[in-house]
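What follows is one structure encoded as structure tokens, with my remarks underneath.
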Amino acid sequence: MNKPVKCLISAGPTREWIDDVRFISNPSSGKMGFELASVAKKMGFEVTLVSGPVSIPRPDGVIYKSVETAIEMREVLVKLFPQSSLAIMTAAVSDHRPEFLGKKKVKKDEFPSSLKFIRNPDILQELGDMKSSNQKLIGFAAESFDHLANGQKKLEAKNLDWIVVNDISNPKTGFESEMNEVTLLSRNNEHFSFPLSTKRKIAADILNQVWK
Ligand code: CTP
């Protein structure tokens, strides 16, 4: 019996803690990554879904790794990537984390009026640098202007095979919506537009194009 091909997917937001009771995050629902995981499982992949905190049901039959911070997400993805033939990174990873103020609830009178931020690792860039010729790596780009040009830059800089460009200024799509509308760009300048539809349909369109 042939072994199933391994597909690694990241999803959701990360939480970057300020102290034990406060964090910085973003409104990513995880839906796009969860739909990709569900469709990939139905296509026959062995799917590992690495997700930040979300409140949607886990897809059936996938290996689920729950993480909180960008640092934790990086550790799990860097470990699992070498065994994966296909990796799709949808997570809204926080680019920065605040300097951690300590393992207690900082009292209001002691809370600083400004926070210092530290750059988080760019996980997708690291995976792109590690990638071998028998692996396919797909990124997402959240853009509010010059979408395609910025997407193309990320595709090349991060050594990706494909990038899914999202226009986050469109109120009909994006973070918490059931719907999405994206453009898929390839390394060889191929260009596919997927019109407004459910995230499930967009997930199927993406997978059918990147895994032929
Ligand atoms: N990403 C990542 N690690 C980060 C930031 C982003 O792995 N620290 C991944 C995301 O999962 C996504 C891709 O990189 O697949 C692009 O994320 P995006 O937020 O659009 O771009 P950035 O690289 O953060 O660039 P910028 O914020 O300048 O647009």
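Computed from a predicted model, the values in this text were never measured in an experiment. Whatever order the structure lists them in is the order used to number ligands and atoms, beginning at 1.
- K31 and K199 make their closest contact through CB-CD, 3.8 Å (heavy atoms, listed as atom of the first residue, atom of the second, distance).
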Determine, step by step, whether T14 and E16 satisfy the side chain to side chain donor-acceptor pair (under 3.5 Å) criterion, reporting the C-alpha distance in whole Å, the side-chain angles of both residues, the deciding distance to 0.1 Å, and the verdict.
-> CA-CA 6 Å; T14 61; E16 309 299 329; 2.8 Å; yes
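- Side chains of E68 and W17: a donor on one and an acceptor on the other come within 3.5 Å.
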Taking a 3.5 Å cut-off between nitrogen or oxygen atoms, can you list every pair linking ligand 1 to the protein, with distances?
{"from": "ligand 1", "atom 1": "3 (N)", "to": "I123", "atom 2": "N", "distance (Å)": "3.1"}
{"from": "ligand 1", "atom 1": "7 (O)", "to": "I123", "atom 2": "N", "distance (Å)": "3.4"}
{"from": "ligand 1", "atom 1": "7 (O)", "to": "L124", "atom 2": "N", "distance (Å)": "2.8"}
{"from": "ligand 1", "atom 1": "8 (N)", "to": "P121", "atom 2": "O", "distance (Å)": "2.9"}
{"from": "ligand 1", "atom 1": "11 (O)", "to": "A91", "atom 2": "O", "distance (Å)": "2.7"}
{"from": "ligand 1", "atom 1": "14 (O)", "to": "K158", "atom 2": "NZ", "distance (Å)": "3.1"}
{"from": "ligand 1", "atom 1": "15 (O)", "to": "M89", "atom 2": "O", "distance (Å)": "2.7"}
{"from": "ligand 1", "atom 1": "15 (O)", "to": "F140", "atom 2": "N", "distance (Å)": "3.0"}
{"from": "ligand 1", "atom 1": "15 (O)", "to": "F140", "atom 2": "O", "distance (Å)": "3.2"}
{"from": "ligand 1", "atom 1": "20 (O)", "to": "A142", "atom 2": "N", "distance (Å)": "2.9"}
{"from": "ligand 1", "atom 1": "20 (O)", "to": "K154", "atom 2": "NZ", "distance (Å)": "2.7"}
{"from": "ligand 1", "atom 1": "21 (O)", "to": "K154", "atom 2": "NZ", "distance (Å)": "2.9"}
{"from": "ligand 1", "atom 1": "23 (O)", "to": "K158", "atom 2": "NZ", "distance (Å)": "2.5"}
{"from": "ligand 1", "atom 1": "24 (O)", "to": "D95", "atom 2": "OD1", "distance (Å)": "3.0"}
{"from": "ligand 1", "atom 1": "24 (O)", "to": "D95", "atom 2": "OD2", "distance (Å)": "3.1"}
{"from": "ligand 1", "atom 1": "27 (O)", "to": "D95", "atom 2": "OD2", "distance (Å)": "3.3"}
{"from": "ligand 1", "atom 1": "29 (O)", "to": "K154", "atom 2": "NZ", "distance (Å)": "2.9"}

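- For the pair K136 and W211, the distance from NZ or CZ to the six-membered ring centre is under 6.0 Å and the angle to the ring normal is within 45 degrees.
- Checked by atom type, the side-chain pair N120/R74 shows no donor-acceptor distance below 3.5 Å.
- For the residue pair N170 / E181, a side-chain donor-acceptor distance below 3.5 Å is found, with atom types taken as modelled.
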